[in-house]
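These notes concern the structure reproduced below.
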Number of protein chains: 2
Amino acid sequence: MDVKTLCLGVLSRGDASGYEIKKACEEGPFSHFQDASFGSIYPALAKLSAEKLVDCHQMSQEKRPDKKVYSITPSGRTALFETLLLPPAPDKVNSDFYFMTFFAQLMPTDVLRSILEKRITWYEGVVERMKDCNLAIRPPGERFTHGLGLAHYRAEITYLKENMDQLLDQIASEQSADAEIPQAPKTAAL
Amino acid sequence: MDVKTLCLGVLSRGDASGYEIKKACEEGPFSHFQDASFGSIYPALAKLSAEKLVDCHQMSQEKRPDKKVYSITPSGRTALFETLLLPPAPDKVNSDFYFMTFFAQLMPTDVLRSILEKRITWYEGVVERMKDCNLAIRPPGERFTHGLGLAHYRAEITYLKENMDQLLDQIASEQSADAEIPQAPKTAAL
DNA sequence: AGGGACATGTAATTAGTTACATGATTGT
DNA sequence: ACAATCATGTAACTAATTACATGTCCCT
């Protein structure tokens with residue numbers, strides 16, 4: 001989703017500064033399917049402000065730098081509703097991890113094993129942190145999306161655990177056989 | 001993965017033209033986790049050619065335009081191996097669909113239902129097409145990645161089917177209750 | 001004294017997409 | 001006649017990232 005709509009989405013849940021919006025995308029509830037950097041968030045908030053889709057009030061804090069807290073306006077909410085009515089763009093998954101596993105047979109088994117284990121550990125941590133958050137207070141869409149993410153991560157962990165040893169074995173045996181038959185096919189099979 | 005490495009990956013499986021590389025990303029085995037347009041593929045192939053990582057030979061065809069068929073060179077294979085040894089960049093999932101389900105309670109239930117049903121139908125089609133491809137002839141990494149993709153899609157389909165009616169019901173009842181309590185929280189809960 | 005969290009913002013750069021330009025052949 | 005598939009390539013554009021600039025407080 002474009003950064004402007006992402007900001008409107010975060011602000012629809014309550015007031016926030018640019019810094020806090022970044023955190024919501026990094027660690028918060030949006031971290032699993034959205035991303036944005038300061039270099040895109042601050043200009044997006046400035047534009048939303050100019051379009052009167054958000055209000056901004058400066059906040060002086062003791063022992064902390066001043067911050068600008070943004071609130072969504074009624075027209076901002078309308079803009080968010082309207083975006084939600086548009087057919088969603090197809091998901092764009094760009095995964096180096098999948099690319100690597102696809103070419104697993106070209107990799108040394110120790111590097112491959114390390115990558116697979118890191119992925120499992122990472123996702124197990126994600127699942128643990130997700131289980132800890134209090135969903136009771138959240139609206140149904142958030143709970144649903146949360147459960148969908150969990151289902152996805154759990155399925156990936158299960159598959160990786162059940163199949164990684166077999167993959168590693170197959171590659172180890174193919175790589176020793178490769179010494180005898182070092183031929184690549186001349187035309188790609190789709 | 002950057003388009004140059006993606007091209008090397010496709011060419012490592014056999015010779016191909018720019019047009020065929022595009023097809024591999026659109027319909028072929030890379031379609032689930034990679035994307036690239038002509039505007040990035042053709043310049044990438046030109047650069048790879050200049051760096052001698054691929055060879056190019058013109059092919060005249062009857063009743064078809066000429067095509068340029070690219071082959072990966074030994075140094076191209078080395079470059080691909082080396083990229084595969086680098087730690088993979090974290091996955092970048094940018095999903096409008098997840099964003100929408102997150103804000104499901106802001107959407108009319110009929111629009112939401114239609115989006116959920118389209119997603120299920122789309123993924124069921126993907127799974128059907130994936131089941132049909134002959135994996136016996138493919139290397140272990142490709143089989144593994146294929147199974148991982150299938151596991152993910154099946155988990156998502158299962159979750160959507162098991163939870164969408166409940167979500168729709170919850171939203172329908174909340175929306176009628178909203179008429180009585182029209183208050184938004186003032187500060188976001190992460 | 002050095003790093004990390006807090007806090008905002010701009011400028012340079014990158015990496016891609018979309019649209020355009022061209023043109024034959026095949027199917028409806 | 002019109003769209004789709006095959007086929008390559010460039011130019012304009014977009015949307016983002018990264019690096020830079022600035023500064024405080026807190027912890028080790």
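Bear in mind that the values here come from a model prediction, so they are computed numbers and not experimental data. Note on naming: letters A, B, ... go to the chains in the order of the sequence lines (proteins, then strands), and numbering restarts at 1 for each one.
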Heteroatom pairs (N/O) under 3.5 angstrom, protein to nucleotides 22-28 of chain C:
none

Open item on the list: Is there a side-chain hydrogen bond (donor to acceptor under 3.5 Å, both in side chains) between A:His57 and A:Tyr70? Walk through the geometry before answering.
Closed with: CA-CA 7 Å; A:His57 38 114; A:Tyr70 293 87; over 6 Å; no
Task: Check: A:Asp110 main-chain N/O paired with A:Ser114 side-chain donor or acceptor under 3.5 Å - done: no
Open item on the list: Using modelled atom types and a 3.5 Å cut-off, is there a donor and acceptor pairing between side-chain atoms of A:Gln34 and backbone atoms of B:Ser95?
Closed with: yes
TODO: Quantify the bending of the helix from C:dA1-D:dT28 to C:dT28-D:dA1 as the angle between its end axes, each fitted on five pairs, to 10°.
DONE: 40°
Task: A:Lys161 and A:Ile120, any side-chain heavy atoms less than 4.5 Å apart - done: yes
TODO: Would you please confirm or rule out a distance under 4.0 Å between OP1 or OP2 of C:dT17 and any side-chain N or O of B:Ser37?
DONE: yes
- [ ] Using atom CG of A:Asp2 as one end and atom C1' of C:dT17 as the other, report the distance to the nearest whole Å.
- [x] 15 Å
- [ ] Starting at atom NZ of B:Lys92, determine the distance to atom P of C:dA15, rounded to an integer number of angstrom.
- [x] 11 Å
- [ ] Name all pairs fulfilling the salt bridge (Lys or Arg N to Asp or Glu O under 4.0 Å) condition that reach into residues 89-108 of chain B, sequence neighbours left out, sorted by first residue then second.
- [x] A:Arg119-B:Asp91
Open item on the list: It should be established whether A:Ser17 places a side-chain nitrogen or oxygen under 4.0 Å from OP1 or OP2 of nucleotide C:dA7.
Closed with: no
Open item on the list: Is it the case that the side chain of A:Thr73 and the backbone of A:Gly76 share a donor-acceptor pair, with hydrogens and angles ignored and the cut-off at 3.5 Å?
Closed with: yes
Open item on the list: Centroid separation under 6.0 Å, is that true for the rings of A:His152 and B:Tyr159?
Closed with: no
Open item on the list: Nearest heavy atom decides the nucleotide; on that basis, is B:Lys67 or A:Phe38 closer to the 5' end of DNA chain D?
Closed with: B:Lys67
Show the distances under 3.5 angstrom between N or O atoms of the protein and N or O atoms of nucleotides 11-13 of chain C.
none

TODO: Give a yes or no on whether the backbone of B:Ser17 and the side-chain of B:Glu20 come within a donor-acceptor separation of less than 3.5 Å.
DONE: yes
TODO: With DNA chain C as reference, determine whether A:Pro43 or A:Gln61 sits nearer its 5' end, using the nearest nucleotide of each.
DONE: A:Gln61
Open item on the list: Quick check on the 6.0 Å ring-centre criterion: do B:Phe103 and B:Phe99 meet it?
Closed with: yes
Task: Length of the NZ-C1' vector between A:Lys22 and C:dA5, whole Å - done: 12 Å
Open item on the list: Using side-chain heavy atoms (C-beta onward) and a distance below 4.5 Å, is B:Leu84 in contact with B:Thr5?
Closed with: no
Open item on the list: Please report the distance, rounded to the nearest Å, between CE in B:Met1 and C1' in C:dG16.
Closed with: 16 Å
TODO: May I have the distance from A:Glu20 (atom CD) to C:dC6 (atom P), rounded to whole angstrom?
DONE: 9 Å
- [ ] Answer with yes or no after comparing the ring centroid distance for A:Phe102 and B:Phe30 against a 6.0 Å cut-off, counting only values under it.
- [x] yes
For residues 40-56 of chain B, dump all side-chain donor-acceptor pairs below 3.5 Å to protein atoms at least two apart in sequence or in another chain.
unit_1	atom_1	unit_2	atom_2	d
B:Ser40	OG	B:Ser37	N	3.3
B:Ser40	OG	B:Ser37	O	2.9
B:Glu51	OE2	B:Lys4	NZ	2.8

Task: Outermost nucleotides of DNA chain D that come under 4.0 Å of a non-hydrogen atom of chain B - done: D:dT5 to D:dT10
TODO: Quickly work out the B:Tyr42 OH to C:dG16 P distance and round it to whole Å.
DONE: 17 Å
TODO: Spell out, as yes or no, whether a donor-acceptor pair under 3.5 Å connects the side chain of A:Gln61 to the backbone of A:Asp66.
DONE: no
Open item on the list: Over all strands shown, is A:Ala46 touching base, sugar-phosphate only, or nothing at heavy-atom distances under 4.0 angstrom?
Closed with: nothing
- [ ] State whether B:Tyr19 and B:Lys67 meet the cation-pi test: NZ (Lys) or CZ (Arg) under 6.0 Å from the six-membered ring centroid, and within 45° of the perpendicular axis.
- [x] no
